[in-house]
Amino acid sequence: MSNSAHHDLATSGRTWASGRSWLRDNMSRFISLASIVLLVIIFTVMNPNFLGAANVRNLLTDISPLLVMSCGVALVLLLGSIDLSMGSIASCSAVMLTLTFTCAGWWSYALIFLFGVFAGFLNGILHAKLKVPSFIATLSTQSIWQSAAFLLSGGQPLTLIPKNWGYVNWVRAKSIGPIPLGPIPPLFLIGLVLMIVYYVYQSRTETGKTMMALGANERAARLIGLGINRAKIVAFTFSGIGAAVAGMIFAVKLKSGIPTVGEQYNLIAIASAALGGVALTGGRGHIILVILGVGLITVIQNGMNVIAVDGFWQQIVFGLLVLAAIYMNSDRRRRDLVVK
Amino acid sequence: MDTHPVLFSAKGIVKQYPGTTALNEVELEVRPGEVVGLVGENGAGKSTLLKLIMGIEQPTSGAMTMRGDPYTPKTPIEANGMGVGMVFQEQSLIQNLTVGQNIFFGLEKPYLKYGFVDKRRMYEDARRILAEIGIKRIKPERRIRDLDFATRQMVEIAKVFSVVTRRSASGNLILLDEPTSVLNDDEVKNLFANMRRMTERGNSVIFVSHRLDEVLEISNRIYVFKDGRNAALLDEADADEAILYEKMVGKTASGEYYKVDRQAVPGDEVLLEATDLGMRGFFGGVNLKVRRGEVVGICGSIGSGKEDLCAVVCGDESYSSGKLVVNGKVRRFSSPRAALKAGVLSIPKERREEGIIAEASIHENIAMSNYKAFKRFGLVSTALEREHAKRHVAELSIKTPGITQSVGFLSGGNAQKVVFARILSSDADVLVLNHPTRGVDVGAKEEIYSLIRDITASGKGMILLGDTLDECIGLASRIIVMKDGLVTHELDAPAGAKPEQLEIVKYMV
């Protein structure tokens, strides 16, 4: 606000989408990374099996659905919007995948992927074209897809019939062709690939960069001549794809279509993205760093199971963690940028 | 008490901001019971002086007195305590509270009863305050959001008045910054009646307005500011609109200042043509042509429709009648993006809110209006962006520690140069420049003028809303004058035969 403060800020180097010093910008990453390392050490000391091959495989498998969801919702958060329908899109996808194997075979995966495109696109249209606030639009579609999941499954968890197991056995593959995977599960690779695709899209395409710009300043982005509506619709579509992929991961991992499987993951995905440094106010964050948030949350959840923390206590720890993370990431200096 | 012959005085006031002097040795004197008009073009320093008087900012040097005593307020609250209050240009009332709650906002303490506000007593006092300045039809129980703008303005004035008269019923100073811009004729009359009632009781008013006729009607004496200095002090009897305007715009700057020798001679090819263009309720019947190398300056006062015309041309608004042809095709832009695709791009007026993404780096901002030029293998290449930005930063001498710097941390002039770099990097060949030198210091202004000459020399066409009338005349090769949404005059302004300001002013007022 004061001129001297302005001068101080002007002399320190800054990069895209941060508006903060390099040190401060990277601090939260270091803290996330350091917390992961610290927690891994603590859990391993308390139970050496934590870093055993079996549990590492578990951890990486657990990360994948959350990672694809978080990367999807991160794009929406960059706009300054929110997507509450991911959980039920995932549930619906899980149920649908279980049902479609019998008639569509391998094509089921493509079908459910298309369902994700459609569901996300619908959110995007509601928000960008019909100008419904994203909170309301996705809350409504959340309810619709949740009902659809219940109707399709008859309200019961569906089990994959043994005849169709052939379509999901790849989950336990130890190699891709001649390349051995070691302890890395194929599901984790799917998450990783999707994350990289999203990252490249966000940081290296016009539409991706528009998401950032419009999250930071929609009025300016419009007058600069950027495609605002397109960026919004694409972000929601990517979010829908992330949710559908997460749903498929749940289905193949559990060999069943549970109509409530994605429910609890929606808010956790948002929290992970925030932990990974994506500002809930939009315009700031990196998709690639979302993996830190996802990693931290998964390590905590898995670790608390490994050292047998009471389930009710787990929720308290989780809540405190998210609070601390958001506090570290909240941009208390944003004001300086706004003042002329 | 309060019988000092001079209520308020400011002497030798200087206010410096980094890179620019907003006020330079300014004098102002207010006598008890008078209305002092304060006029000047954008950036003349009127608002800065009001901020100093209100204690929002402190002068770099100079002295102010109030009733003969030194006056150095550090905050608006302190100023209020000394009997000085201000009605701000942007309204400061809280929408979902009532009139009475707003008037006594922050001053509820005397009305507390068992820890709760005694609303009945508060509304009674509010009614009395409103009656004091002659407003009887506003009920203190009504919510602000249910009132029209004019009534809100009245409440705002009543609130300020009640705060300053807490000290004493007379000898107060009220600052009104553009209070009439949202009012219609009857409401203005009412406001003036209230102002007279205040001054009859020995209070004084400093009245800032762009509408010279109003200033003339209400003021006893009129100060004219130009470029942060006193340009004139006139008695109401000696002044008329033409004289005021002449003093406001001052001596015409030399052609050299605007690089008139480099003014391009317009080509024959018409880039943009508006025929009978109109936007219901804002402007109508506008005909204009922009040729290659031409700068079409649009002059007009606030509310003349020139801003809305620009908004239509650059795709921010849609037109309701007439025809707009760009590069030979009839166009109706659905968005600024559509306009950009057709070759029209604007430099918006509010740079921070509309022209830049403050959080993004210089190189990213420069690339934003033309990503396809920075693609490699289908993806936007940071390396290409940076290479390109480096060249522009050097060419336009943008002062920055590096091209990865967020634009939000650059000074006004440098940020504006980034906007120009973005426009230059785009494919647009019709540029709409809306106050391109607003909030830019003198040095950067000249560089921008030079840039404008370069751009037109390269064959692009331009629509220009100048920050001052002088600037508009100096830069434009053709001038269109607008008043109340209609074109009132059109003339050529070739290098060496620039029209006088007064020639244009008479069609503006």
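Each chain gets a letter, A, B and so on, in the order its sequence line appears, and its residues count up from 1.
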Pick one of side chain, backbone, both or neither for B:Ile362, based on which atoms fall under 4.5 Å of a heavy atom in chain A.
neither
Looking at A:Phe113, I'd like to know if its CZ atom is crowded, meaning that more than 12 non-hydrogen atoms belonging to other residues, nucleotides or ligands lie closer than 6.0 Å.
no
Nearest 0.5 Å please: distance from the OG1 atom of A:Thr210 over to the OH atom of B:Tyr371.
6.0 Å
Can you name the residues of residues 220-227 of chain A that have some heavy atom under 4.5 Å away from a heavy atom in chain B?
A:Ala220, A:Ala221, A:Arg222, A:Leu223, A:Ile224, A:Gly225, A:Leu226, A:Gly227
With sequence neighbours left out, which residue pairs that include part of residues 206-240 of chain A fulfil the ring pair (Phe, Tyr, Trp, His ring centres under 6.0 Å) condition?
A:His127-A:Phe236, A:Tyr198-A:Phe238, A:Tyr201-A:Phe238
Does a side chain donor of either B:Ser381 or A:Arg204 reach within less than 3.5 Å of an acceptor in the other side chain?
no
Please round to the nearest 0.5 Å and tell me the distance separating atom CD of B:Glu353 and atom CD of A:Glu218.
14.5 Å
Pick one of side chain, backbone, both or neither for B:Arg351, based on which atoms fall under 4.5 Å of a heavy atom in chain A.
neither
Greater than 12 external heavy atoms within 6.0 Å of A:Leu114's CG
yes
d(A:Met212 CE, B:Glu359 CD) to nearest 0.5 Å is 10.0 Å
Check whether more than 12 heavy atoms from other residues, nucleotides or ligands sit under 6.0 Å from atom NZ of B:Lys349, and answer yes or no.
yes
Contact residues of residues 128-141 of chain A (partner chain B; heavy-atom separation under 4.5 angstrom)
none
Show, in sequence, the C-alpha distance, side-chain angles and deciding distance for A:Lys209 and B:Glu364, and conclude whether the salt bridge (charged side-chain N to carboxylate O under 4.0 Å, His left out) test is met.
CA-CA 9 Å; A:Lys209 281 172 157 275; B:Glu364 279 165 318; 3.3 Å; yes
Where on B:Leu340 is there a heavy atom nearer than 4.5 Å to chain A: the side chain, the backbone, both, or neither?
side chain
Provide the closest heavy-atom pair for A:Asn217 versus B:Arg352 in the form atom of the first, atom of the second, distance.
ND2-O, 3.4 Å
Suppose the criterion is salt bridge (charged side-chain N to carboxylate O under 4.0 Å, His left out): which pairs have a residue in residues 368-379 of chain B, not counting sequence neighbours?
B:Lys372-B:Asp427
When rounded to the nearest 0.5 angstrom, what distance separates CG in B:Leu379 from CD in A:Glu206?
12.0 Å
